[in-house]
Amino acid sequence: MRLHRNLVYTTIDSLNAIFNEGEYADKVVARALKKDKRWGSSDRKFVAETIYEIVRWKRLYAEIAEVKEPYDRDDLWRMFAAWAVLRGYTIPDWRQLEGTPQRKIKGRFDELSKTRKYRESIPDWMDELGVKELGEELWSKEIAAQNQQAQVILRVNTLKTTRQKLHAILMDLNIETEFLKDQPDALVLKERANVFLTDAFKDGFFEVQDANSQLVAAFLDVKPGMKVVDTCAGAGGKTLHMASLMENKGLLIAMDLYESKLKQLKLRAKRNGAFNIEYRIIDSTKVIKKLYDKADRVLIDAPCSGLGVLKRNPDSKWKLQPEFIDNIRKVQAEVLENYSRIVKPGGKLVYATCSILPSENQEQVKHFLTTENGKNFTFVQDKKILASESGFDGFYMALLERKL
């Protein structure tokens, strides 16, 4: 297998932006893929996958290469060399790769792979936290699963088409998909493809959304004609799913702190043909208070550590800090306390996160039920979904019902 200079240079530039300039991997990769119009699909695939792989295994490759942050360009080349040797590439006689110690790299890899924090390439604090919350055995399985490449899952927009029709449309474009058992709106891509370039996407026939993320809207049990509030809508993957489950009937209020996210959601809703959505920026407590006791259903897709979606966002392993998790637990408790008041008597609430930590999940719900406001609710059921068991993202969701 040969390495091509312009592809490798782009990879090194991108790693520098992610590791040294604090940029987000997905943005950097998107920019890198636009660099050369002459690149074919295999070139683009090499650039995207190599950047993500070195980001995902940063600690392991840095240890093998014996380099420390902040990385200069020579350090990045040494990390790249470790990746290339372990991937079985022929090392070219470029100045930057001169004297690559291939046997030493393989030996260091074998040695370091015996220790979980190197093998799974995670910071010490994250390894300790995972063991503390999930136990040695489960954490080992889970972090290994979180290091697998995420599959591409589509959620069929039932406002515009059916799963069978979309499956056939994509088949005509040589994009093969499979149905998922017990997931009526999901299609799994057999091989990665840029589905965003298809007319089916531009016409709003589907969104890209993880299979387990698709379980949340159904768990809330929304029905056509209801008044539903999505309190942390973001760019709105779950909002759009609820709109389709409501068949555009009733009112769906999408709220968020950030206007930019709601603008993105508006564009997506237009493409999806979802027109029962109202948008509200949470710029004061009034916005929430106006809705107290009004909604049949409330979704609290709470801000969290994101430790259930590391396979999708491998750079967050390096951006996340332990203080952030301490702070986010406080935010979760406040959000649950305040937004739960929007549920009317007899209505239902789902608290969801894309975290696998009990302290962000079961323990938050348990604590809430002991508070003054929480005593108005009954716990119905919850789902703890691990990547190691499902093959998709890690999620948590709890269904609560407000007493009459």
Side-chain angles (χ1 to χ4, degrees), residues 153-170 177 179-188 195 198-256 261-280 291 293-301 339 342-352 380-381 383 395 397 399-402:
I153 319 284
L154 311 182
R155 180 182 57 72
V156 181
N157 176 16
T158 52
L159 294 173
K160 289 198 168 183
T161 189
T162 65
R163 191 161 69 152
Q164 281 72 15
K165 280 182 190 161
L166 182 61
H167 175 73
I169 290 167
L170 294 172
T177 58
F179 296 151
L180 253 190
K181 202 171 147 276
D182 303 328
Q183 299 252 106
D185 301 333
L187 285 175
V188 185
V195 290
T198 62
D199 285 339
F201 177 72
K202 289 167 193 164
D203 293 339
F205 285 7
F206 66 86
E207 290 288 333
V208 172
Q209 186 181 4
D210 179 76
N212 290 337
S213 174
Q214 292 185 37
L215 297 170
V216 178
F219 197 64
L220 185 55
D221 186 32
V222 295
K223 301 268 194 301
M226 282 183 169
K227 184 170 187 172
V228 179
V229 180
D230 187 349
T231 59
C232 312
K238 298 178 186 77
T239 318
L240 295 171
H241 193 188
M242 290 193 287
S244 66
L245 293 173
M246 292 167 76
E247 297 166 16
N248 261 336
K249 296 172 188 140
L251 175 62
L252 177 49
I253 298 172
M255 305 166 75
D256 203 86
K261 289 187 175 178
L262 292 180
K263 275 186 179 158
Q264 230 180 315
L265 172 52
K266 272 183 196 173
L267 293 173
R268 292 174 76 186
K270 193 176 174 189
R271 192 181 64 239
N272 276 249
F275 48 74
N276 67 333
I277 306 173
E278 228 180 68
Y279 307 88
R280 297 191 194 171
L291 290 168
D293 306 319
K294 297 270 196 319
D296 298 294
R297 299 283 184 271
V298 170
L299 173 60
I300 300 175
D301 186 15
Y339 296 172
I342 296 171
V343 185
K344 72 183 193 189
K348 290 177 184 173
L349 156 79
V350 162
Y351 170 81
V380 182
Q381 58 167 323
K383 273 186 187 168
F395 264 90
M397 54 200 89
L399 179 66
L400 309 176
E401 190 166 358
R402 185 165 166 192

Minimal heavy-atom distance between Asn276 and Ala243, with the atoms involved, is OD1-CB, 3.7 Å

Nearest non-hydrogen partners of Leu166 and Ala200, listed with the distance: CD1-CB, 4.1 Å

Considering only heavy atoms from C-beta outward, does the side chain of Lys238 approach that of Gln209 to under 4.5 Å? yes

Point-to-point distance, once rounded to the nearest 0.5 Å, from CG of Leu159 to CZ of Phe205: 11.5 Å

Report the distance from atom NZ of Lys263 to atom OH of Tyr279, rounding to the nearest 0.5 Å. 13.5 Å

Return all side-chain donor-acceptor pairs below 3.5 angstrom for residues 223-233, not counting sequence neighbours, or 'none' if the list is empty.
{"from": "Lys223", "atom 1": "NZ", "to": "Asp221", "atom 2": "OD1", "distance (Å)": "2.5"}
{"from": "Asp230", "atom 1": "OD2", "to": "Thr239", "atom 2": "OG1", "distance (Å)": "2.7"}
{"from": "Thr231", "atom 1": "OG1", "to": "Leu299", "atom 2": "O", "distance (Å)": "2.8"}

Grab the two heavy atoms, one from Arg155 and one from Gly237, that are nearest each other, plus how far apart they are. NH2-O, 3.8 Å

Of the non-hydrogen atoms in Asn212 and Met397, which two are nearest, and what is the gap between them? O-CE, 4.1 Å

To check you understand the geometry: which heavy-atom pair defines the closest contact between Glu401 and Gly346, and what is its length? OE2-O, 3.8 Å

Counting C-beta onward and ignoring hydrogens, is there a side-chain heavy-atom pair between Val195 and Leu154 closer than 4.5 Å? yes

Could you give the distance from CG (Leu180) to CG (Leu187), rounded to the nearest 0.5 Å? 8.5 Å

Do the side chain of Arg271 and the main chain of Lys202 share a donor and acceptor less than 3.5 angstrom apart? no

Between Lys344 and Asp296, does any side-chain N to carboxylate O distance fall below 4.0 Å? yes

If only atom types and distance count, is the side chain of Asn157 paired as donor or acceptor with the main-chain N or O of Gly204 below 3.5 Å? yes

Drop me the distance from Phe395's CZ to Gln214's CD, to the nearest 0.5 angstrom. 10.0 Å

Which distance, rounded to the nearest 0.5 Å, do you find between the CG of Leu349 and the CD1 of Ile300? 4.5 Å

Should we say atom NZ of Lys160 is surrounded by more than 12 heavy atoms from elsewhere, each under 6.0 Å from it? yes

I need the single residue from Leu220, Leu240, Asp185 that forms a side chain to side chain contact (heavy atoms under 4.5 Å, CB included) with Leu245. Which is it? Asp185

Measure across Val216 and Ala352 and return the closest heavy-atom pair with its distance rounded to 0.1 Å. CG1-CB, 4.1 Å

Who are the ring pair (Phe, Tyr, Trp, His ring centres under 6.0 Å) partners of Phe201, not counting sequence neighbours? Phe196, Phe206

Does any part of the side chain of Ile169, heavy atoms only, come nearer than 4.5 Å to the side chain of Thr198, both counted from C-beta? no

So how far is it from Asp210 CG to Ile153 CD1, rounded to the nearest 0.5 Å? 6.0 Å

Distance under 6.0 Å and angle within 45° of the ring axis: does Lys383 meet both against Phe219? no

I'd like to check the ring pair (Phe, Tyr, Trp, His ring centres under 6.0 Å) partners of Tyr339; sequence neighbours left out, ordered by chain and number. none

Checking the side chain of Arg163 only, and the main-chain atoms of Val156 only, is there a donor and an acceptor separated by less than 3.5 Å? no

